[in-house]
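The shown structure was predicted, so the numbers you read here are calculated from the model rather than taken from an experiment. In each ligand, atom 1 is the first atom listed, and ligand 1 is the first ligand listed.
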Amino acid sequence: MPKEIVCFGEMLWDLLPTGKVPGGAPMNVAIHLTYQGQKVRLISRLCHDELGRELILFLREKGLDLALVQVEQTHPTGTVVVNTANKTEVQYSIVAPAAWDFITYEPEAAQTVSRCDAFVFGSLAARQEITRQTLRQYLPLSNLNVLDVNLRPPFYSQELLEDLLTQAHIAKMNHHELAEIRGWYGVPVDAQESMRFLVRRFGLDLLIVTRGEHGALALQGDQYFEQAGFTVDVADTIGSGDAFLATFLALHLNNSPVPEALKQACRAGSWVATKAGATPIIDWDALAALDQNPAPDIE
Ligand SMILES: OC[C@H]1O[C@](O)(CO)[C@@H](O)[C@@H]1O
């Protein structure tokens, strides 16, 4: 059954050396959730400029509901200069200000958030005051807050992350982000132990850690799960984590057991890494073939 999922935050163009592709973690998650038949609303903001108009056309073609996307005239539609010199560790220069820094509170959006099945957000959207305040107003309304940590330097602080983690029910981060956050508390290097620490400290129901080609880990209550990764030819890793999260959520919200959701999410993330840009349409048949390419474990 389709679930109602609200994605909040940045929508933008990723400017790659080869040209521009639509991006922004919450928007990427929204598109992947739409591919997977879920009912999605994106809360964001763009400008009535050339890039904004192009983005609207792209999203309409993808079948996304744009009723809660605000349009303004002052701040430009978001752009990010992406350095893909290292294909597996892409660097983002996130241009500021951007229209998505100015998402304002709307009663209709608040109502949608209060009755949705999940509210997906990340730390980057909170880099500027206005969008941060709007996010703070929506978070208490939703029954299931899903934090996609997405640390994008220099736009985060320990204080901000602690605030967001406290309000999250589910959190997803990659292994680099886990290492950084663990470091704030001097927790031992062991992944499982540091996950247990974070789940306890922030009262999380579920914590997921992605490990690139080495798969993913999850801790739900006391139960710890590991999923091995898949070896693929990486085009770039942009949006890989976003496809992972969308796939995990679509399954989790529809009552799949965590190990099954983790496995499909790893497959989807790996597949997206084989293509340029964040939102290629996933070929689920080709994905099944990934099982023949398990990657070696790192631990
Ligand atoms: O959202 C910030 C950046 O992260 C991505 O979503 C990838 O996860 C890019 O598309 C975007 O430029």
Novice: Would you call R136 and D163 a salt bridge, taking side-chain N to carboxylate O under 4.0 Å as the test?
Specialist: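 Looking at D163 together with R136, the answer is yes, because their closest N to O distance falls below 4.0 Å.
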Novice: Around atom 5 (C) of ligand 1, find the nearest protein heavy atom and jot down its residue, atom name and distance.
Specialist: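 Here the closest protein heavy atom is R152 NH2, 3.8 Å.
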Novice: Under 4.0 Å, heavy-atom basis, I'd like to know which part of L12 is in contact with ligand 1: side chain, backbone, both or neither.
Specialist: side chain
Novice: Between the side chains of K20 and E54, is the shortest nitrogen-to-carboxylate-oxygen separation below 4.0 Å, so that they form an ion pair?
Specialist: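 A salt bridge links E54 with K20.
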Novice: L124 heavy atoms, cut-off 4.0 Å: which ligand 1 atoms fall inside?
Specialist: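 Checking each atom against L124, I get 1 (O), 2 (C).
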Novice: What do you reckon, does G24 put a non-hydrogen atom under 4.0 Å from ligand 1?
Specialist: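 For ligand 1, residue contact (heavy atoms, under 4.0 Å) with G24 is present.
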Novice: So if I count the atoms of ligand 1 from 1 in the order they appear, which ones are less than 4.0 Å from some heavy atom of G23?
Specialist: 10 (O)
Novice: Which is it for E10 and ligand 1 at heavy atoms under 4.0 Å: side chain, backbone, both or neither?
Specialist: side chain
Novice: Any salt bridge between R53 and E50, counting N to O under 4.0 Å?
Specialist: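 Between E50 and R53 there is a salt bridge, with a charged N closer than 4.0 Å to a carboxylate O.
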Novice: Going by an N to O cut-off under 4.0 Å, is there a salt bridge joining R41 and E4?
Specialist: no
Novice: Which atoms of ligand 1 sit under 4.0 Å from any heavy atom of V80?
Specialist: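 What qualifies from ligand 1 is 12 (O).
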Novice: Do any nitrogen or oxygen atoms of D14 come within less than 3.5 Å of a nitrogen or oxygen of ligand 1?
Specialist: yes
Novice: Check this for me: D233, atom CG, are more than 12 non-hydrogen atoms of other residues, nucleotides or ligands nearer than 6.0 Å?
Specialist: no
Novice: Ion pair present between R196 and D222, side-chain N to carboxylate O less than 4.0 angstrom?
Specialist: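 Yes, this pair counts.
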Novice: So which protein heavy atom does atom 7 (C) of ligand 1 come closest to, and at what separation?
Specialist: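 For atom 7 (C) of ligand 1, the nearest protein heavy atom comes out as Y92 OH, 3.4 Å.
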Novice: By number and element, which atoms of ligand 1 are closer than 4.0 Å to a non-hydrogen atom of D242?
Specialist: 6 (O), 7 (C), 8 (O)
Novice: Would you call E129-R132 a salt bridge at under 4.0 Å N-O?
Specialist: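 Answer for the salt bridge query: yes.
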Novice: Return a yes/no value for I238: is any of its N or O atoms, backbone included, closer than 3.5 angstrom to an N or O of ligand 1?
Specialist: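 It does not: no N or O of I238 is found under 3.5 Å from an N or O of ligand 1.
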Novice: Would you kindly specify which portion of A25 sits under 4.0 Å from ligand 1, judged on non-hydrogen atoms: side chain, backbone, both or neither?
Specialist: both
Novice: Suppose we call two aromatic rings close when their centres sit under 6.0 Å apart. Are F121 and Y138 close by that rule?
Specialist: no
